[in-house]
Amino acid sequence: MKVNVEIFGQLTEITKNKYFEFTSVNDTDSLLQKIYEQFPGLQSASFVIAVNNNLIKHNTLLQDNNTVALMPPYSGG
């Protein structure tokens with residue numbers, strides 16, 4: 001199973017790239033574990049997670065070709 005990951009804002013300073021692909025992940029918790037292994041600096045970063053453009057607050061099952069976005073806090077005006 002392939003999951004696409006998009007990184008936004010200042011989080012790209014840690015990852016040095018905006019787009020990644022991960023395999024062998026079934027849910028957002030296992031995906032985050034792989035992301036943290038590859039980019040330990042994200043463990044202390046603040047961000048929200050969206051799966052296919054829907055913000056999530058809890059572990060979420062993933063399916064092949066889902067897109068997961070990591071987005072830093074934002075404010076509007």
Side-chain angles (χ1 to χ4, degrees):
M1 179 168 68
K2 177 184 82 166
V3 175
N4 302 300
V5 177
E6 295 183 39
I7 311 292
F8 290 91
Q10 71 262 27
L11 299 176
T12 59
E13 294 173 14
I14 297 169
T15 62
K16 306 297 184 208
N17 204 336
K18 293 182 179 184
Y19 303 101
F20 297 93
E21 210 175 84
F22 286 87
T23 57
S24 302
V25 292
N26 296 323
D27 55 32
T28 52
D29 283 354
S30 60
L31 174 63
L32 282 176
Q33 182 178 351
K34 283 193 171 200
I35 290 172
Y36 291 153
E37 287 171 5
Q38 191 167 344
F39 306 104
L42 286 177
Q43 290 183 23
S44 60
S46 179
F47 57 86
V48 296
I49 301 171
V51 176
N52 295 333
N53 298 320
N54 295 307
L55 291 176
I56 63 163
K57 294 186 183 248
H58 304 286
N59 188 30
T60 301
L61 291 176
L62 297 171
Q63 297 188 18
D64 194 32
N65 290 315
N66 277 167
T67 298
V68 175
L70 305 184
M71 302 174 292
Y74 55 91
S75 61

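Computation of the quantities below employed the complete heavy-atom set of this structure, encompassing side-chain atoms and omitting hydrogens, waters and symmetry-equivalent molecules. Because the structure is predicted, anything quoted here is derived from the model rather than measured. Residue numbers count from 1 along this sequence.
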Self-check item: Co-membership, hydrophobic cluster, residues Leu55 and Leu32, 4.5 Å side-chain
Solution: no
Exercise. Looking only at non-hydrogen atoms, find the nearest pair between Gly9 and Pro72 and report the distance.
Key: CA-CG, 4.0 Å
Quiz item: Is there a path from Met71 to Leu31 through hydrophobic residues (I, L, V, M, F, W, Y) whose side chains come within less than 4.5 Å of each other?
Solution: no
Quiz item: How far does CG of Asn17 sit from OG1 of Thr12, to the nearest 0.5 angstrom?
Solution: 9.0 Å
Quiz item: Roughly how far, to the nearest 0.5 Å, is the CG atom of Asp27 from the CD atom of Gln63?
Solution: 12.5 Å
Enumerate, atom names and distances included, each donor-acceptor pair closer than 3.5 Å involving a side-chain atom of residues 44-52, sequence neighbours excluded.
{"from": "Ser44", "atom 1": "OG", "to": "Gly41", "atom 2": "O", "distance (Å)": "3.3"}
{"from": "Asn52", "atom 1": "OD1", "to": "Thr67", "atom 2": "N", "distance (Å)": "2.9"}

Quiz item: At what distance, to the nearest 0.5 angstrom, does CD1 of Ile14 lie from CZ of Phe39?
Solution: 10.0 Å
Quiz item: Among the clusters formed by ILVMFWY side chains lying less than 4.5 Å apart, do Tyr19 and Phe22 turn up in the same one?
Solution: no
Practice problem: Might you point out which heavy atoms bring Ala69 and Phe8 nearest each other, and give the distance in Å? | Solution: CB-CE1, 3.7 Å
Quiz item: Roughly how far apart are Asn4 CG and Glu21 CD, rounded to 0.5 Å?
Solution: 5.5 Å
Quiz prompt | Pairwise distance CG(Leu70) to CD(Glu6) - rounded to 0.5 angstrom | solution = 9.5 Å
Quiz item: With Val3, which of Thr23, Val68, Asn65, Thr28 fulfils side chain to side chain contact (heavy atoms under 4.5 Å, CB included)?
Solution: Val68
Exercise. Group every Ile, Leu, Val, Met, Phe, Trp and Tyr by side-chain heavy-atom contacts under 4.5 Å, then state whether Leu62 and Phe20 land in the same group.
Key: yes
Practice problem: Might you point out which heavy atoms bring Val25 and Lys34 nearest each other, and give the distance in Å? | Solution: CG1-CD, 3.6 Å
Quiz item: Around Asn53, counting heavy atoms of other residues, nucleotides and ligands shown, do more than 12 lie under 6.0 Å from its CG?
Solution: no
Exercise. Determine, using the 4.5 Å side-chain heavy-atom cutoff (strictly less than), whether Ile56 and Leu11 are members of one ILVMFWY cluster.
Key: yes
